[in-house]
J.: 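Before we start, here is the structure in question, set down as structure tokens.
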Amino acid sequence: MAAAKLFFVGIFVCCELLHRGAAQAGFTSIDCGSTTEYTDELGIDWVSDGDYTSTGQNAVIDIQKAKLGADAVNDRRKLQTLRYFPGPASKHCYAIPFVANEKYLIRLTFLGGNLTSSAAGTVDFSISLGTAHWQDVQVTDPWTPIVREASYIAPQATSPICFQRGDVGDPFVNSIETRRLTSFSYQLIVTAFIYTNVFRLDCGLKSGSPSTRYPDDQWDRIWAADPESVDIPGITNANAQLANTIATAGNEPPVAVLQSAWNASTISFQLPLSALPESPIDSTFFYIVLYFVEIGGLKATDFRVVDVNVDGEAVSDSPVTLTSDSTFEAWSLLLETTKSADVTITPSSNSSVPVALLNGVEVYKIQTYNTSLTTSATAVKSIEAIKTKFNLDEWQGDPCLVWPYDWVKCTDPSTSESLAMDITALELSKFNLRGTIPTDIAGLLQLTELALDNNLLTGSIPNLSALTKLKYLRLQNNSLSGTIPDFLGSLPLSVLTLDNNLFEGELPQSLQEKIDSGRLTFSATNNPFLCFGGNQCLPPTSSSRNQTSDGRKNGRNSSSVGVIVGATVGGVVVLLLLLLLIYWIFIKKPAPQTGTGMGAVQGGRDEHPRNASAQNSFSWMEVTTMTSNFAKILGRGGYGNVYYGELPDGRKVAVKVNKGNTKHGKQQFLNEVSLLSRVHHRHLVSFIGFCNEGNHEILIYDFMSEGTLEDHLTETRDVNNGALDWMTRLDIVLNASKGIEYLHKSCNPPIIHRDIKTANILLDEHFVAKVSDFGISKPMPEENRTGGVTTDIKGTFGYLDPEYFKSYRLTEKNDVYSFGVVLLEVITGKPPTTINFPHSRASNLLDWVQRSIRDGNIEAIVDPKMGTNYKIESIWKVTELALSCLRPALSERPDMTRVLQELTEAMEHENHQTTVNVFPSPSEIPPSAFNQYQRVSEPPRVVRNSSRGDSSRRSSSQDSIATFSSYNITAR
Ligand SMILES: *[C@@H]1O[C@H](CO)[C@@H](O)[C@H](O)[C@H]1NC(C)=O
Ligand SMILES: *[C@@H]1O[C@H](CO)[C@@H](O)[C@H](O)[C@H]1NC(C)=O
Ligand SMILES: *[C@@H]1O[C@H](CO)[C@@H](O)[C@H](O)[C@H]1NC(C)=O
């Protein structure tokens with residue numbers, strides 16, 4: 001027995017400690033935006049919100065300016081920090097712990113202060129509680145706190161409280177409090193209803209006094225003092241002994257609240273419905289609780305009977321009867337009203353005192369909600385996996401409830417038979433997504449629309465054959481690769497867009513049939529390796545490729561002369577007249593195979609075998625084989641090394657191995673592949689293929705047997721010994737200018753090469769020039785950032801436009817400048833970095849040329865190695881052109897079209913021939929073939945969805961506390 005007694009006592013001690021100790025039992029007090037835990041003046045323990053949410057940002061406001069009134073000392077700390085949600089997501093959630101099926105009081109406070117005061121107008125947003133759209137908040141005065149409080153039965157152990165962006169401003173919240181009530185509190189609070197508190201008054205507490213609250217109120221209800229506008233006589237009896245009287249009520253007010261009361265012949269208050277806190281559901285139900293207890297105003301023989309009327313009608317047959325020994329009465333009214341309701345309390349005719357009494361009052365507005373709504377568990381699981389994969393952590397809470405994520409669409413529960421919502425659309429366009437398409441998407445079985453377009457996705461299309469309802473599939477503007485899978489043909493697709501990717505191979509037969517029959521809207525432009533609709537595609541490849549027979553055939557054609565260096569040149573179609581010209585120039589050299597060139601020219605690109613086998617994806621194994629395990633280095637650079645290789649068909653190639661580098665290197669690499677695949681010109685190096693396996697990033701170009709222009713200019717040989725003569729030099733720069741002009745003028749958007757220099761002008765076996773190295777080339781619209789050039793400066797020192805350094809704005813005139821340097825180099829044979837000038841104090845090449853010209857001594861600058869076989873007129877002309885390219889003002893420099901014309905004229909001077917037909921248009925490939933060239937340069941954008949799930953919002957007022965005085969409580 002003794003043991004049992006001790007045990008009992010022990011429990012008491014324990015519970016007593018618990019009550020006074022760290023945590024208030026059943027309280028969760030979250031100070032949003034705070035980073036510390038603390039205990040406030042009331043003894044309530046607050047925690048920061050980091051454990052409950054993972055998005056949003058913290059802010060501190062200037063709490064001194066807030067209109068906090070008498071409760072300031074208690075509320076200051078929780079209000080002065082807040083968390084706000086600038087997005088991009090429209091919905092932000094806290095995961096709040098509850099005990100399932102228990103009654104709770106939930107209180108949120110909002111005080112935007114200087115966070116929102118500068119924002120024009122108001123801030124508005126909506127709040128959900130569990131599966132209910134609970135409240136809409138509209139902040140008009142940033143310095144007056146808004147309090148929203150509700151009581152409800154928590155349906156689950158964890159419920160999200162979410163904030164959904166409205167039309168103006170970012171959602172925010174300063175504190176979230178939950179207080180667990182007892183199961184017998186507020187008997188009218190039942191499952192599936194939310195009871196939003198309208199007001200709660202400590203009647204008779206002098207206006208301006210601090211509210212009565214915790215620890216007086218064990219559930220931390222806040223009982224406000226009389227509103228200022230109220231002029232009802234009050235009575236107070238601080239000595240009234242009420243504890244025993246009220247002990248079992250369940251939701252009894254604290255003794256302190258009951259010790260004061262209104263005492264008047266008529267007590268009346270109004271519920272002005274338009275001024276109530278906004279609930280999205282137009283509820284007409286109110287829950288009113290009236291508390292009566294005598295506190296010494298009656299003599300022993302007196303008794304008080306009061307009638308409660310709403311709009312003049314008695315709400316009950318039996319009036320409230322109070323005697324001096326004081327029964328405690330808590331009257332609950334359930335009131336349905338659609339107009340502003342007058343609640344009136346008057347003494348009954350049989351009351352011995354003609355005075356009414358009211359100690360406390362609470363008014364709640366009631367809304368119902370559907371507790372059974374859920375989102376399909378498999379869909380939620382898939383969405384979670386997709387979020388993880390794509391770092392979409394910003395989107396929290398249920399993907400469909402209460403508001404769907406910005407990028408999903410869900411079934412409409414009001415029209416669907418099932419209460420389990422499901423996801424019908426995934427709209428992740430322009431989300432800057434990287435990596436592969438997650439297979440988890442296949443778990444979204446109800447999907448009818450999947451949009452992943454305009455991202456940075458790579459890899460192939462995964463098996464989505466489970467999506468048997470999919471009608472729209474948008475994948476355009478990514479770097480997706482691989483073949484188009486067969487299953488797409490069996491889906492009920494009506495739209496399929498694949499443009500601007502790296503897909504390869506043939507379309508599945510079933511898909512082609514749907515296209516042919518007009519049942520499928522299909523587009524797939526700019527997939528250089530994809531064959532469909534009889535278009536000319538570059539052959540597929542990669543592992544499955546067995547196209548070598550094709551390549552072998554072609555190889556014979558293009559490699560018959562083959563030789564080369566550096567990086568490139570490809571297929572090389574040489575125009576007949578140009579070849580004749582070269583033949584004429586190199587009269588003493590072996591005649592080139594003009595026959596091949598003629599055929600190629602006449603046949604055009606499509607018939608030329610070069611392009612038919614030009615682009616391929618190669619495996620790492622194939623690359624090691626073709627380079628004999630990287631045996632022979634052709635060049636080294638900051639990007640990595642270039643190796644010599646031979647394809648199985650004998651074709652010679654230059655293999656450029658990128659150094660595994662930055663985190664977004666892979667994407668740059670793929671963009672370069674895609675750019676190279678789309679840019680074709682006789683005077684640009686031919687791109688043969690790439691290897692993108694694991695970390696390997698390898699580009700394969702045609703091998704250019706004569707190496708770089710730089711090599712030839714710096715060789716010490718003289719013209720009789722193999723150095724380039726003037727005519728050859730002129731021809732080389734003319735052809736190079738055609739390649740650059742094509743990049744500037746024929747590509748859409750225009751491409752700026754950024755690294756024009758003699759080392760990037762490569763020569764094939766016929767000394768036909770081709771511009772190489774697009775690794776840092778930029779489509780024009782994309783480039784105006786300041787970073788990114790530093791690594792290039794070393795390689796292009798001497799060629800870089802000083803204007804570019806000044807402005808960091810890249811234009812095509814920067815390439816013109818570099819080309820001007822190339823022209824000077826070609827004339828003088830001196831590299832731009834030289835400082836060794838005979839008989840001159842010139843400090844650099846440009847300076848030296850300018851001085852010499854000023855002195856009228858043009859011959860002094862001509863490279864002695866190229867002999868005397870030149871016309872001084874054409875030297876003059878090219879020198880003037882070079883100097884104009886180097887003018888400081890961008891606008892004074894010619895564009896590449898002009899440069900091309902000038903060089904053509906210089907060539908005329910040189911050979912005294914008319915030029916008709918000699919130098920045809922620089923682009924040999926019909927411009928139409930490139931019209932569709934485009935890249936995704938628009939930054940990813942998140943579309944904010946500000947629409948709401950309902951249209952029933954009304955313009956709401958400020959919070960109940962702030963505007964309480966308008967409730968018109970009167971005494972008569
Ligand atoms: C508001 O003002 C206070 C005091 O001037 C300042 O510390 C705080 O950073 C401001 N907060 C915001 C969100 O501007
Ligand atoms: C209550 O009101 C009545 C009538 O207005 C008044 O006579 C009485 O003194 C009041 N009681 C107290 C305790 O003030
Ligand atoms: C090409 O295909 C044949 C049979 O179809 C196979 O034996 C051979 O290994 C393949 N070659 C390559 C390079 O894949």
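Bear in mind that the values here come from a model prediction, so they are computed numbers and not experimental data.
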J.: So Asp815 and Phe819, do their side chains get closer than 4.5 Å, heavy atoms only?
T.: no
J.: Would the distance check show the side chain of Ser818 and the main-chain N or O of Asn814 forming a donor-acceptor pair, the cut-off being under 3.5 Å?
T.: yes
J.: Between Asn477 and Asn500, is there a donor-acceptor pair closer than 3.5 Å when you use the side chain of the first and the backbone of the second?
T.: no
J.: Calculate, to the nearest 0.5 Å, the distance between atoms NZ and OG1 belonging to Lys865 and Thr828 respectively.
T.: 8.5 Å
J.: Checking ring pair (Phe, Tyr, Trp, His ring centres under 6.0 Å) for the pair His712/Phe767: CA distance, chi angles, key distance, verdict?
T.: CA-CA 11 Å; His712 285 272; Phe767 289 85; 5.4 Å; yes
J.: Are the side chain of Asp895 and the backbone of Arg898 linked by a donor-acceptor contact shorter than 3.5 Å?
T.: yes
J.: Taking Asp711's backbone N and O only, do any of them form a donor-acceptor pair with Thr708's side chain (distance below 3.5 Å, no angle check)?
T.: yes
J.: If we ignore angles and hydrogens, is there a donor and acceptor under 3.5 Å between the side chains of Asp499 and Thr525?
T.: yes
J.: Less than 4.5 Å apart, side chain to side chain, heavy atoms only: is that true for Leu724 and Met866?
T.: no
J.: Test Glu812 against Lys745 for salt bridge (charged side-chain N to carboxylate O under 4.0 Å, His left out), laying out the working first.
T.: CA-CA 10 Å; Glu812 59 178 42; Lys745 305 297 183 186; 3.0 Å; yes
J.: Is it true that a side-chain atom of Asn501 and a backbone atom of Ser479 form a donor plus acceptor pair closer than 3.5 Å?
T.: yes
J.: Got Ile633 and Tyr644 here, is their nearest side-chain heavy-atom distance under 4.5 Å?
T.: no
J.: Evaluate the side-chain proximity of Gln850 to Leu846: yes if any heavy-atom separation is below 4.5 Å, no if none is.
T.: yes
J.: Can you see which heavy atom on Gly739 is nearest to which on Leu684, and at what distance?
T.: O-CD2, 3.7 Å
J.: Show, in sequence, the C-alpha distance, side-chain angles and deciding distance for Leu823 and Val733, and conclude whether the side chain to side chain contact (heavy atoms under 4.5 Å, CB included) test is met.
T.: CA-CA 7 Å; Leu823 292 177; Val733 292; 3.8 Å; yes
J.: Any chance you could measure Leu881, atom CG, to Arg893, atom CZ, to the nearest 0.5 Å?
T.: 13.0 Å
J.: If you take all heavy atoms of Leu845 and Pro832, which pair is closest and at what distance?
T.: CD2-CA, 3.9 Å
J.: Quick one, Met727 and Met907 - any side-chain contact, counting heavy atoms below 4.5 Å?
T.: yes
J.: Using 0.5 Å steps for rounding, measure from the CG atom of Asp764 to the CG atom of Asn735.
T.: 9.5 Å
J.: Given side chains that start at C-beta, do those of His683 and Tyr742 come closer than 4.5 Å, heavy atoms only?
T.: no
J.: Can you list the steps and then say if Thr728 with Asp731 is a side-chain hydrogen bond (donor to acceptor under 3.5 Å, both in side chains)?
T.: CA-CA 5 Å; Thr728 311; Asp731 183 56; over 6 Å; no
J.: Among residues at least two apart in sequence or on other chains, which ones pass salt bridge (Lys or Arg N to Asp or Glu O under 4.0 Å) with Glu905?
T.: Lys877
J.: Check the pair Phe690, Ile700 against side chain to side chain contact (heavy atoms under 4.5 Å, CB included), reporting the backbone distance first and the verdict last.
T.: CA-CA 6 Å; Phe690 63 97; Ile700 300 162; over 6 Å; no
J.: Are Asn641 and Val657 packed together at the side-chain level, in the sense that at least one heavy-atom pair is separated by less than 4.5 angstrom?
T.: no
J.: List the steps, then state whether side chain to side chain contact (heavy atoms under 4.5 Å, CB included) holds for Ile858 with Ile853.
T.: CA-CA 5 Å; Ile858 185 86; Ile853 288 178; 4.1 Å; yes
J.: Working to the nearest 0.5 angstrom, can you tell me the gap between Met626 CE and Ile698 CD1?
T.: 8.5 Å
J.: What are the two closest heavy atoms between Ser737 and Val899, and how far apart are they?
T.: CB-CG1, 4.3 Å
J.: Evaluate the criterion side chain to side chain contact (heavy atoms under 4.5 Å, CB included) for residue pair Arg729 and Asp863; output intermediate values, then yes/no.
T.: CA-CA 11 Å; Arg729 295 184 190 204; Asp863 183 3; 2.9 Å; yes
J.: What are the two closest non-hydrogen atoms of Tyr870 and Gly867, and how far apart are they?
T.: CE2-O, 3.2 Å
J.: So, for Ser874 and Ala906, which heavy atoms are closest and what is the spacing to 0.1 Å?
T.: CB-O, 3.4 Å
J.: Within 45° of the ring axis of Trp726 and under 6.0 Å from its six-membered ring centre, is that where the NZ or CZ of Lys871 lies?
T.: no
J.: Using only atom types and a distance under 3.5 Å, with no angle test, would you say the side chain of Lys830 pairs donor to acceptor with the backbone of Glu825?
T.: no
J.: In Å, rounded to the nearest 0.5 Å, how long is the span from CD of Glu765 to NZ of Lys652?
T.: 9.5 Å
J.: Is the side chain of Thr904 donor-acceptor paired with the backbone N or O of Leu900 at a distance under 3.5 Å, no angle test?
T.: yes
J.: If you define the side chain from C-beta out and look only at heavy atoms, does anything of Phe630 sit under 4.5 Å from Val623?
T.: yes
J.: Is there a salt bridge (charged side-chain N to carboxylate O under 4.0 Å, His left out) between Lys770 and Asp702? Walk through the geometry before answering.
T.: CA-CA 11 Å; Lys770 292 165 194 286; Asp702 217 346; over 6 Å; no
J.: Please report the interatomic distance CD1(Ile861) to CG(Leu824), rounded to the nearest 0.5 Å.
T.: 7.0 Å
J.: Ignoring hydrogens, what is the shortest heavy-atom contact between Gly820 and Ala882? Give both atom names and the distance.
T.: O-CB, 3.7 Å
